[in-house]
Chemist: 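Sharing a structure, written as structure tokens. Questions coming.
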Amino acid sequence: MSSPADFQNEIYLRGLGDVVPELPTDLTRLEALAGRRLSAAAFGYAAGAAGTEATARANREAFDRWRIVPRMLRDVAERDLSVRVLGTPMPAPVALAPVGVQSIFHPDGERAAARAAAAVGLPYVLSTASSYSIEEVAQANGDGPRWYQLYWPKDRELAVSFLERAAAAGYTALVVTLDTFALAWRPRDLDQAYLPFLRGIGVANYFSDPVFQKAVGGPVTDANRDAAILHWAANFGNPSLTWDDLEFLREHWHGPIALKGIQHPDDARRAVDAGMDGVIVSNHGGRQIDGAVASLDALPPVVEAVRDQAEVLFDSGVRTGADIAKALALGAQAVLVGRSFVYGLALGGEAGVTHVLRCLLAELDLTLMLSGHARIADLGPDLLVGT
Ligand SMILES: Cc1cc2nc3c(=O)[nH]c(=O)nc-3n(C[C@H](O)[C@H](O)[C@H](O)COP(=O)(O)O)c2cc1C
Ligand SMILES: CC(C)CC(=O)C(=O)O
């Protein structure tokens, strides 16, 4: 006789894959469990946000203001969740958001998460601020789809080196994060004096770069480690960048480019004018500007501004399959999930990340089916009513 977990998999997940029975399928409870298992500092770094964390809360509240209006008798026996975004065929419109320093959550860090992403077939977006090198993560990701996220450093030669390494290692699209050229006021980290990268934790990708090494006088060892960390901190972001600088990226990256951190429709239009392929509506999970507009509220005006000219992706606050359906209905072509997969990584490494992704996809599939939609393209504003 099958166990309750088998029954659950069979009935609710319908072949979408195994979950880890010990881990909650409600990802908000997964967060609470991660809070009990991780050190206070590491959990605070993941769960925390800027200032009073008003924007992080607003990100969630914005989802609650939309309700789904299901439709009946529409033959939803067969469903297709697949999409193509930034040139990448995907089994469902979900990617793993770039998250830095993943080794603070699990020793295998980005490698474990990239393996899980490949197993489920969803794009893994590697942060520039990664604990393993571009090449190590590509190897773990194998044949899985992968995109590279650039934190555009002051040193242009270093930026080019990252882009060339990423292209050579099979990352097919570039995500350029614009909202974090400086780290925000984050009280949880400040109060715990916890910024892992300032201790050299999690920035191995920089340390492994030949241009970075040249700048610090050779490979990073105990002898030049402090100097390397200072060089990293001085170079991490560039507040002087302007829209004109995007031309430089176009010269050095030959695949699709999406700008991450767009919240204003005029910025989305400028991205299109600059020849970008996509924008990611995001407020960095509320981690940058306390009081910034909820990401879901920023989405419809951006979609309205650049519909048919650029792909619009979305992140910040996604915790459920229903959240994903809402963002898609409001015009996103795909969503990225951040903290949700981080908690899975913290609690179960690769299997924990797979668990989270399977749960999200299964719930998305059920939401589509029960609301009377057989394909992702069928989702539109008429799915929702504002409350
Ligand atoms: C611990 C942590 C580290 C992050 N590191 C990066 C990063 O290196 N690059 C980046 O573009 N975004 C980074 N982000 C932001 C995510 O890509 C994403 O925008 C955000 O997590 C989405 O919100 P969510 O966590 O509510 O899903 C980070 C987020 C978290 C929680
Ligand atoms: C290494 C960091 C800059 C990662 C980040 O973007 C974040 O903590 O939000």
Side-chain angles (χ1 to χ4, degrees), residues 27-28 30-31 34 38 41-50 53 55-63 94-106 109-110 113 123-131 137 147-153 162 174-186 188-189 194-206 229 232-233 235-237 258-263 280-289 292 294-296 298 313-320 323-324 327 335-346 356 360:
L27 301 184
T28 55
L30 195 77
E31 170 166 2
L38 281 170
F43 180 71
Y45 179 64
E53 306 189 348
T55 293
R57 284 191 298 279
N59 283 340
R60 293 293 307 134
E61 288 158 9
F63 281 101
V94 180
L96 286 78
V99 167
V101 298
Q102 289 178 29
S103 64
I104 66 175
F105 305 113
H106 187 276
E110 292 84 358
Y124 182 76
V125 190
L126 177 67
S127 166
T128 302
S130 56
S131 337
V137 178
W147 303 341
Y148 185 68
Q149 177 261 323
L150 181 70
Y151 271 134
W152 194 334
F162 287 150
L174 182 65
V175 168
V176 186
T177 300
L178 301 179
D179 59 13
T180 309
F181 48 83
L183 276 192
W185 187 252
R186 297 183 184 171
R188 292 205 217 191
D189 299 336
Y194 187 74
L195 283 175
F197 22 87
L198 293 185
R199 299 178 198 170
I201 297 171
V203 290
N205 180 51
Y206 289 86
I229 293 170
W232 176 82
N235 253 285
F236 168 73
L259 301 183
K260 177 170 182 275
I262 297 296
Q263 296 176 61
I280 304 179
V281 175
S282 167
N283 58 29
H284 215 94
R287 296 164 74 78
Q288 285 300 94
I289 301 178
S295 196
L296 197 68
L313 290 79
F314 170 86
D315 80 26
S316 297
V318 174
R319 298 291 180 274
T320 70
D323 293 343
I324 298 172
V335 307
L336 288 75
V337 292
R339 293 181 185 86
S340 298
F341 92 79
V342 167
Y343 299 135
L345 178 66
V356 166
L360 284 170

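Start at 1 and go down the list; that is how both ligands and their atoms are numbered.
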Chemist: Among all protein heavy atoms in this structure, tell me which lies nearest to atom 3 (C) of ligand 2, with the distance rounded to 0.1 Å.
Modeler: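 Nearest neighbour among protein heavy atoms for atom 3 (C) of ligand 2, to 0.1 Å: Phe236 CZ, 3.5 Å.
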Chemist: Testing the basics here: between Ala49 and Ala56, what is the closest heavy-atom pair and its distance to 0.1 Å?
Modeler: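 Reported closest heavy-atom pair: CB-CB, 3.7 Å.
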Chemist: May I ask whether Arg186 places a heavy atom under 4.0 Å from ligand 2?
Modeler: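 In this structure, Arg186 qualifies as a contact of ligand 2 - some heavy atom is under 4.0 Å.
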Chemist: Counting from 1, what ligand 2 atoms have a heavy atom of Ala129 closer than 4.0 Å?
Modeler: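 Reading through ligand 2 atom by atom, the close ones are 1 (C).
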Chemist: Can you tell me how far CD1 of Ile104 sits from CZ of Phe43, rounded to the nearest 0.5 angstrom?
Modeler: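 Output value for this atom pair is 12.0 Å.
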Chemist: Is Ile289 atom CD1 crowded by more than 12 heavy atoms from other residues, nucleotides or ligands, each under 6.0 Å away?
Modeler: no
Chemist: What atoms in ligand 2 come closer than 4.0 Å to a heavy atom of Arg287?
Modeler: 7 (C), 8 (O), 9 (O)
Chemist: Is it the case that ligand 2 has an N or O less than 3.5 angstrom from some N or O of Tyr151?
Modeler: yes
Chemist: With ring pair (Phe, Tyr, Trp, His ring centres under 6.0 Å) as the test, would you mind laying out the steps for Phe162 and Tyr206 before giving the verdict?
Modeler: CA-CA 9 Å; Phe162 287 150; Tyr206 289 86; 5.4 Å; yes
Chemist: Taking ring-ring contact (aromatic ring centres under 6.0 Å, His included) as the test, write out the residues that go with Phe105, two or more places apart.
Modeler: none
Chemist: Indicate the atoms forming the closest heavy-atom contact of Arg287 with Gly48, along with that distance.
Modeler: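 Nearest pair, atom of Arg287 first, then Gly48: NH1-O, 3.2 Å.
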Chemist: Among protein heavy atoms, which lies nearest atom 2 (C) of ligand 2, and at what distance?
Modeler: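 I find the closest protein heavy atom is Tyr45 OH, 3.6 Å.
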Chemist: Looking only at non-hydrogen atoms, which of His284, Gln149, Gln288 approaches atom 9 (O) of ligand 2 most closely?
Modeler: His284
Chemist: Looking at Leu183, which atoms of ligand 2 are within less than 4.0 Å of one of its heavy atoms?
Modeler: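 Listed by number with element, the hits are 3 (C).
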Chemist: Which pair of non-hydrogen atoms, one from Ser103 and one from Ser131, has the smallest distance, and what is that distance?
Modeler: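 Looking at all heavy atoms of both residues, the closest pair is N-OG, 2.9 Å.
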Chemist: I'd like to know whether ligand 2 has Val101 as a neighbour, heavy-atom separation below 4.0 Å.
Modeler: no
Chemist: Compare every heavy atom of Phe63 with every heavy atom of Asp323, then report the nearest pair and how far apart it is.
Modeler: O-CE2, 3.3 Å
Chemist: Please report the shortest heavy-atom distance between Tyr148 and Asn205, naming the atom on each side.
Modeler: OH-ND2, 3.7 Å
Chemist: Find all protein N or O atoms under 3.5 angstrom from an N or O atom of ligand 1 and list the pairs with distances, or write 'none'.
Modeler:
from     : atom 1 : to     : atom 2 : distance (Å)
ligand 1 : 5 (N)  : Gly100 : N      : 2.9
ligand 1 : 8 (O)  : Gly100 : N      : 3.2
ligand 1 : 8 (O)  : Ser127 : OG     : 2.6
ligand 1 : 9 (N)  : Gln149 : OE1    : 3.1
ligand 1 : 9 (N)  : Tyr151 : OH     : 3.1
ligand 1 : 11 (O) : Thr177 : OG1    : 2.7
ligand 1 : 11 (O) : Lys260 : NZ     : 3.0
ligand 1 : 12 (N) : Pro98  : O      : 3.2
ligand 1 : 12 (N) : Lys260 : NZ     : 3.0
ligand 1 : 14 (N) : Pro98  : O      : 3.3
ligand 1 : 14 (N) : His284 : NE2    : 3.4
ligand 1 : 17 (O) : Pro98  : O      : 2.7
ligand 1 : 17 (O) : Lys260 : NZ     : 3.0
ligand 1 : 19 (O) : Lys260 : NZ     : 3.1
ligand 1 : 19 (O) : Asp315 : OD1    : 3.2
ligand 1 : 19 (O) : Asp315 : OD2    : 2.8
ligand 1 : 25 (O) : Arg339 : N      : 2.9
ligand 1 : 25 (O) : Arg339 : NH1    : 3.0
ligand 1 : 26 (O) : Gly317 : N      : 2.9
ligand 1 : 26 (O) : Arg319 : NH1    : 2.9
ligand 1 : 26 (O) : Arg319 : NH2    : 3.1
ligand 1 : 26 (O) : Arg339 : NH1    : 3.2
ligand 1 : 27 (O) : Gly338 : N      : 3.0

Chemist: Looking at every non-hydrogen atom in both residues, tell me the closest pair between Tyr343 and Ala34 and how far apart they are.
Modeler: CD2-CB, 3.6 Å
